[in-house]
Every structure is written in structure tokens, then in C-alpha cells.
Amino acid sequence: MDKTNDWKLEEERLVQVRNKLQARLDELEPKVAGLHEQAAEIRKRFWEEVTINTGSYTDFEDAFYTINQQSRVLAERERGHKLLTQQWKNTKRLLPTPYFGRFDYKEKGMTLTEQIYIGVSSFMDEDGLNFLIYDWRTPIASLYYDHSPGPASYDTPSGRIDGKMELKRQFQIQHGQLHSMFDSTETIGDELLQQVLAKGADSQMKSIVATIQKEQNAIIRDDRSRMLIVQGAAGSGKTSAVLQRVAYLLYKHRQTVKADQIVLFSPNPMFTSYISTVLPELGEENMQQTTFQEYLNYWLDSSIRPEDAFDQIEYVLTAQNDPGYEARLEAIKYKASETFLEVLQNYGKWLGREGMRFNGIQFRGREFITADRIKTQFYSLDQNLTLSNRILLLQEWLLRELVSLERLEREADWVQEELNYLDTDEYVEAFRMLHKEKPVFDVAEKYAARDNGNNKAVQDEGAFNFAVREEELLRQKLVKDMFKPLRKSVRKFQFVDVKGIYEQLFVDEAAYREQTNGAIPPQHWPEICKQTNAMILQNKLFHEDATPYLYVKEMIEGVRTNTEIRYVFVDEGQDYSAFQYEYLKKLFPRARMTVLGDFGQAIFMQATDLAASNSPLVHLYGEGETTLIRLVRSYRSTREIVEFTKCMLPGGGEIRPFERGDQKPLLTKLKDDKLRGAQIFADIAALKAEGFDSIAVITKTAAESRDAYERLQSQGGEGLQLITKDTQIFEKGIMVIPVYLAKGVEFDAVLVYDASPVAYSQEYDRKLLYTACTRAMHRLHLYTVSDWSPFVQALPANLYDIKS
């Protein structure tokens, strides 16, 4: 094949396509501006075109239809403006890089071979019949990701299409210029991947549509599974693939699914910032993003505050010598388990028979409705009903009781006292209300007039009734306003003592067994009860109690379900408990769920093995509706870093590095902390000189991060950032960060601040060290002022260099 001629032909086509894109932009711009101006003018003159006359029913009807007509015209202009604006944006997005791939495909039974060019959106010729560019999400575009030249087929809504791929070509086009092209026999050739992966880390994740691999494409286009589990090695592109999956779903189901019907649970607020540009880069709106902690904070009572997940892990990593530490660890695991979920379900049945706790309703220092009376009323209701339905009936009864009590309260002595202090505005309002009742008094006056003014009693009675009615209205309004907080509290279920109900689970073992159908508590139960109750006494919850507490609350008050959400995505899914997954399923009953994570990075105590045969995720929707996809090839790090890190994990041998070579990880041993700080400072300077802009000093804990930050600052660490759990924005630069906040993010270079046995010696620490090291794309340095962690000592010596 004549490569020179091919290059020339591709350049000519690129120029033609860009000219047509520019022509389309020139055509769209005045139309977009014109519709915008029309819509603005209609909004400006909306009421000038409408005459409101309510003199008769016909006039009112005419006014209604005039307003309706104007609203439709405005909506039509705005809809047209929105569609044209989207076309203009898509066209403009294509102009610098119209496409990144091409394949030639001959459909079975056809004589013509079609040239298919793939880009981030579709673009058609002027006649509207020929695609000059196909959107990467179209069914035919899947051939580009899934096949190499030879027999190839793809699925369409009308069935499978068979044929033959005769050519596959990849391009690098920047600013409208063709820089390189490769004819590939692979799905996506290594040449393009090498160039993309050799670039430095950025402050925000980028789209990977030009380099999607076959296994990633299976994730993106899965449209059958109710539960899709992605178990991927560190740097395998699972998060990137899932974000492209969101874009694909929004494209394929654009008539039925909108961005606000998709929610992503991120590991921390900083990660939300990190991925925020991917979907807009592809022409789609961002889906809803939150963290599970933010959800807990939003829905729990304002009277009780849950511990942050990162405070929990900080405790686990730093409090080994604290009294009660073993009991706390046991509680974290137990309260996150499916066993504890079953315990609470049995507890709910027991509460249906006995043990419910209520708060009495008080008013002005008096107990209007006692807790015992509320409890008696609750247990008089049909026990076949669910707890939440009985609570709703109880709520209705309480509101009726308050109506009766409110009427009686109008005659109380305090009401008369309050009337004496009412301001003029209150009396004016009462007068206005009475004025509306004036026809009643007019009848009395006419009756008196017929008596030629002789019936003075009637006149007096009318005057007397006016004064009495005024006082009645004032009393009624005064008491009603005072009862508003009571009615509000009842509507918010504050008559239920949820705190006490949860607390009574943690009294002693005998009570626990009785309340939960004989459940056997864990070994350190007395200490667990003591710790849990001590937190509740401070109106706080341990992180491990937050989801169970909310579960109990909703078991009583009714589950808050969101039926609008169609897709739920959970990133770093290994860090969620079985209990939390059950809760998410109940919360979003109509949603399909995609969970991605890496059990090799399971650094939280309540971690879930996503890929295990007995994983709670498999049970969530059943094997028939669950798909597991494993990603074992790591693209983020160099071959040398992957070989180094995968040997830390049992079973890490299945991880395959991408063939991108660079320096081996570097191990540096110093005599003391001062020398370590100086060496790290010097290494950062050297890395910056090499052109690396994103450098992370990773520590085990937040406390260690603060210490390292202060030491480096004393060396003159200008521009150094300390990352904490409250950091909202991810920015390029030099940062000091605890390992659990670095999850999901990548850096040009990583410097592990302390790789000694003091930091990483327990089996639990293995995954922490692995997670820290796998954040590195190009360079990895480890430091110690004593011996090396046993997980480093166990590595073959040929996998790293030692700084002399």
C-alpha cells in the first residue's frame, strides 16, 4: 500500500470535512442568534401581548387562551434555540479534531465497501444522507473498538449485521492538522496508546473515546444487566470507561433518560471535581454527583451528627493503643454486615409487638399528649400493618387530637393575656376578615330597618356579635400560630423516639437476643454497647452506625425512595458495605446499578469483595441479572511500576502492565526525619525540572500529612498544597495527601513519605501501601528512616533501584 498517497488522500479529506464543518458553523451561528433574540423579545413583550379582563367568564377564558398561546410560541422558540445551539456546539467541538479513527466495512451481501470515520459526535453531508463522521456511540462504531481487520459483526436494534472489516486506521489530529496515522491489526493499536499515556497527569480526567479498549467497550455498551460489576486493577481505566458509559446511555436513551436521572456516588468531593469535565467534553450534561457521606448527612436528623468515613479510617490507622480499639474494629465489621441487616429486620418485627418508644407532645410546659398514651394508641392499631403504615395512622390521629386541643386552648387564660399585647396590625387583619363576613351583618341591619328602628335589641345584638366575632378570630389565629410548631413536629415524625429505639438495641446481650429473635452478638458486645451509647449520648453516631440508624428510622417512618433515578454508579465500590448496597437498592428501586472498584485497594474495614462468588452484590439482583467484568491490564503506570506494585498483592500476578517503559521505582533510606525532608524537597525539584507538573507526597494518615507538610514547608516548599477531607477542588501541583484521599486519582510522580514497618507492617497495611504506589504514572519514590516495610522487603531486588 502506498503510504505517501494514503497520507495525501487523508489530508485532502480532512480539509474537505473541516471546510464543511466551518460552513455549517457559519450557517448555524445567525440562526442561533436569531432564535435567541426572538425568544428574548417574546419574553420581554409577553405581557404587552396579553390583555387581562376578568369581567366575565368569557373574558377570563379569552385571557387564559391568549397566555397559553404566547407560552407555546415562546416554548417553541426556546426549544428550537436549544436544538440549534446543541448542533452548533457539536460542530464546533469537531472542528479541531473531526475524527480519530476509520475503518472500511463491507456488509455481507453488499458489493460496496463503506468508509466509516469515528468522532465524538456525528456529522452529515449537506444532503442529509451521507455520514461524514459517525458518533463513537452509534452501533456501527462498536466495530472500531471490538474488531481488527477480518470478519466482523455488530448489533443494531433490528438485529445483527455481519460483514468484513477491510481496513482499520487511527489518526492523531490536532488543531485541524494530521500529525500521524496508523493502520492497526489490533482493536486499538499500541502506538496511539503509547502517545496518550506518555502525557503528564492533568487536574481533571479526560475522555478516552479515541483509545477505548475492547474490554472497556463491553462495559460502556452493556445495556442488559441490572447489576454491572467492574473489578479492575489499579489504573485499568475502569472509572474512565464508566464515564464513557454514562455518555453512551445518554446518547442511546436520549428520548427517555436525562442526565439528572443518573447519579454517581464518588469517593470524596475532590474526586467529583476531578471527573467533572469528561461528560461536557463529550457534549453531555453532567449527571448528579454526591458522596454517600453527603447523603447520610442530608437525611439523618439534624439532632444527631454522623462521623465522617475518613474520621473512621483515621481512627483505625492511628488508635491501636486506645482502650476499646479491638471492640471498635469488631463493631465496624459487624454493623456493616448482612447479618446485622437481618438483625434489624427482626428487630422491626419485635417493635411491631412491643418496645416502641415515643416522645410526648408538650405545650407551654404542659404535656398535652403523653408518650404512654401515644404508645397505647399505636399498639391498638392493626398489627398486620407494617410499622410505617401504623406510624402514618398514628400521625393522622395525633393531628386530629391537636385540632381538638387547639379549640379547647382558645379559652385558656394565657390567650387573654396575649390578646392584651397584640399590635395594631393584628387587629387590622381581624377587621379585614370580618369585612368579608359583612353581608351577614347587613342582613341584621335590614331587619332592624324594617322595624323602623324600634328593634334596638337586634341592633345591639348585631354590634355585640361583631365584637365577639373579632375576639374569636383573634383567639383562633393566636392559638393556631402557637400550634404550628406542634403540627410541624408531628408531620416530621418527631413524636417517634428514633434515637431511643436505636439505643435500646445496645443495652446488654440478653435484651439484644430477645429483641432480635435470638441473634448472637459479637465477642466484645458489652464494650460495643458502651461505645455506641456514649456516642448517642453526645447526639453523635459512629460512621458504622449511620446507615443502620437511617435504616431503622425509615423502617419506622417509611422508606424514602427515588423512582426517577434510572442508573446508579458507585465508584470505589469495594469500600461500601453489604448493608449500604442493600440500602441503595431500596432507595433507588427502578435503577440499574454499575459498581466499579478494586479489592486490591480495599482499605476500609467494611470492604466488599466485588468479584467473589459469594459477594453480596451478586445476591442483590440475582445471578441472572448480574454481569461481572474484570479488567486486568493496567494503563496508568509504567511497566516497571506495575511490576513493582503487583508483587505486593497475593494474586497480583494476573495484573498485566502496558508496555510503556521508564525508570524503576527508587528506594531511599535516610538517617533521620530532617534528612528525609531535605531529600524529598530535592527530589521534587528534580522531578519538576524533568517537566512533571503533578507530584504527590503520599502519607498513611492525615496526621502524618500535616507533619510532612510542615517539614517540607520548613525546607521552603513554595506552592505546596495540603490535601484534607474538606478539599473540594483537585488542582495540578505539588501536594501532600493521605493515601485514602488519593484513591481514584493519578499523578506524574508519587513520593511515599514513610515506607517503614512503623507505617506499613500489618496485613491490613498491605493494600494501603499498594494503593499509594499505584497512583504514580511515571515515577515512584519510597523513603524510610529505619528498615523497609515487610511488603517492600519481600519484593524481588530486580524490581527497584536503591539510592546510594
Side-chain angles (χ1 to χ4, degrees), residues 263 265 288 290-307 309 335-353 355-359 374-375 378 381 383-396 398 488-506 515-517 519 532 535-536 539-565 568 570 576-591 593 606 616 620:
V263 62
F265 284 90
Q288 296 188 64
T290 186
T291 65
F292 196 78
Q293 186 68 41
E294 287 170 340
Y295 182 84
L296 290 173
N297 292 342
Y298 183 82
W299 284 113
L300 281 169
D301 286 339
S302 57
S303 60
I304 197 158
R305 184 162 51 88
E307 176 190 42
K335 291 174 181 177
S337 66
E338 290 176 284
T339 300
F340 194 56
L341 175 63
E342 186 179 343
V343 161
L344 293 185
Q345 289 167 344
N346 285 328
Y347 182 48
K349 295 174 185 175
W350 180 80
L351 290 173
R353 300 188 300 272
M356 280 292 289
R357 297 176 65 169
F358 296 98
N359 298 312
I374 296 173
K375 185 174 182 179
F378 174 80
L381 298 170
Q383 291 197 14
N384 292 317
L385 297 173
T386 62
L387 267 181
S388 58
N389 282 336
R390 288 161 78 184
I391 288 295
L392 284 174
L393 291 174
L394 183 63
Q395 182 189 59
E396 290 173 7
L398 284 169
K488 184 178 179 181
S489 71
V490 170
R491 291 193 180 97
K492 293 176 73 174
F493 301 103
Q494 289 177 5
F495 59 90
V496 182
D497 182 10
V498 179
K499 202 183 299 181
I501 290 168
Y502 190 74
E503 188 178 21
Q504 75 180 356
L505 260 176
F506 304 95
Q515 296 161 356
T516 60
N517 195 30
T532 305
M535 282 290 280
I536 293 175
N539 295 319
K540 297 178 183 178
L541 290 171
F542 286 125
H543 179 71
E544 61 268 24
D545 282 302
T547 307
Y549 183 94
L550 193 55
Y551 183 88
V552 169
K553 181 178 171 65
E554 295 192 351
M555 184 168 62
I556 294 166
E557 298 175 5
V559 178
R560 295 178 181 87
T561 58
N562 188 328
T563 56
E564 291 298 311
I565 297 297
V568 172
V570 180
Y576 287 68
S577 68
F579 202 122
Q580 288 170 328
Y581 281 116
E582 285 286 353
Y583 185 78
L584 287 174
K585 180 186 176 184
K586 186 176 287 189
L587 180 62
F588 303 109
R590 291 187 61 201
M593 195 178 294
Q606 70 273 16
L620 209 60

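For this chain, numbers begin at 1 and follow the sequence in order.
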Query raised in the report: Does a sphere of radius 6.0 Å around CZ in Arg357 hold more than 12 heavy atoms from other residues, nucleotides or ligands, not counting ones at 6.0 Å or beyond?
Result: yes

Test item: [X] side-chain N/O and [Y] main-chain N/O as donor-acceptor pair under 3.5 Å:
X: Glu342; Y: Thr339; answer: no
X: Glu307; Y: His543; answer: yes
X: Asn359; Y: Gln494; answer: yes
X: Gln504; Y: Gly355; answer: yes
X: Gln395; Y: Val490; answer: yes

**Report entry** Chi angles and distances behind the side chain to side chain contact (heavy atoms under 4.5 Å, CB included) call for Phe292, Val570
**Finding:** CA-CA 9 Å; Phe292 196 78; Val570 180; over 6 Å; no

Measure the shortest side-chain to side-chain distance between [X] and [Y] over non-hydrogen atoms and say whether it is less than 4.5 angstrom.
X: Pro589; Y: Thr561; value: yes
X: Met356; Y: Ile501; value: yes
X: Phe493; Y: Leu392; value: yes
X: Gln515; Y: Leu505; value: yes
X: Val568; Y: Phe588; value: yes

Can you name the closest pair of heavy atoms from [X] and [Y] and give their distance?
X: Leu351; Y: Phe378; result: O-CE2, 4.3 Å
X: Leu387; Y: Gly348; result: CD1-O, 3.6 Å
X: Leu620; Y: Lys585; result: O-NZ, 2.6 Å
X: Ala519; Y: Val343; result: CB-CG2, 3.7 Å
X: Ala546; Y: Leu541; result: CA-CD1, 4.1 Å
X: Met593; Y: Leu584; result: CE-CB, 4.0 Å

Report summary line: Result for side chain to side chain contact (heavy atoms under 4.5 Å, CB included) between Glu503 and one of Ile536, Thr532, Val498 points to Ile536

Can [X] and [Y] be counted as having a side-chain donor-acceptor contact under 3.5 angstrom?
X: Thr386; Y: Ser388; result: yes
X: Glu544; Y: Tyr549; result: no
X: Asn517; Y: Tyr347; result: no

Query raised in the report: Do Arg560 and Glu554 sit within salt-bridge range, that is, some charged N less than 4.0 Å from a carboxylate O?
Result: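 Counted as a salt bridge, because a side-chain N and a carboxylate O are separated by less than 4.0 Å.
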
Requested in this report: Report the C-alpha distance between Gln383 and Arg390 in whole Å, list the side-chain angles of each, state the deciding distance to 0.1 Å, and finish with yes or no for side chain to side chain contact (heavy atoms under 4.5 Å, CB included).
Outcome: CA-CA 8 Å; Gln383 291 197 14; Arg390 288 161 78 184; 3.6 Å; yes

Rounded distance [0.5 Å steps], [atom1] in [X] versus [atom2] in [Y]:
X: Asp497; Y: Ile374; atom1: CG; atom2: CD1; value: 11.0 Å
X: Ile304; Y: Lys553; atom1: CD1; atom2: NZ; value: 10.0 Å
X: Leu296; Y: Thr547; atom1: CG; atom2: OG1; value: 4.5 Å
X: Phe265; Y: Glu294; atom1: CZ; atom2: CD; value: 10.0 Å
X: Leu398; Y: Leu393; atom1: CG; atom2: CG; value: 11.0 Å
X: Asn384; Y: Asn389; atom1: CG; atom2: CG; value: 11.5 Å

Query raised in the report: Aromatic rings Tyr576 and Tyr581: how do their planes relate, parallel, tilted or perpendicular, breaks at 30° and 60°?
Result: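 Tilted: the ring planes of Tyr576 and Tyr581 meet at 30° to 60°.
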
**Report entry** Plane angle bin for Tyr295 and Trp299 - parallel if under 30°, tilted between 30 and 60°, otherwise perpendicular
**Finding:** tilted

Query - Cation-pi, Phe506 ring and Lys335 (6.0 angstrom, 45 degrees) - result: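 The answer is yes, since Lys335 meets both limits relative to Phe506.
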
Query raised in the report: Is the Phe579-Tyr551 ring centre distance short of 6.0 angstrom?
Result: yes

Report task. Check the pair Asp545, Tyr502 against side chain to side chain contact (heavy atoms under 4.5 Å, CB included), reporting the backbone distance first and the verdict last. Result -> CA-CA 10 Å; Asp545 282 302; Tyr502 190 74; 2.5 Å; yes

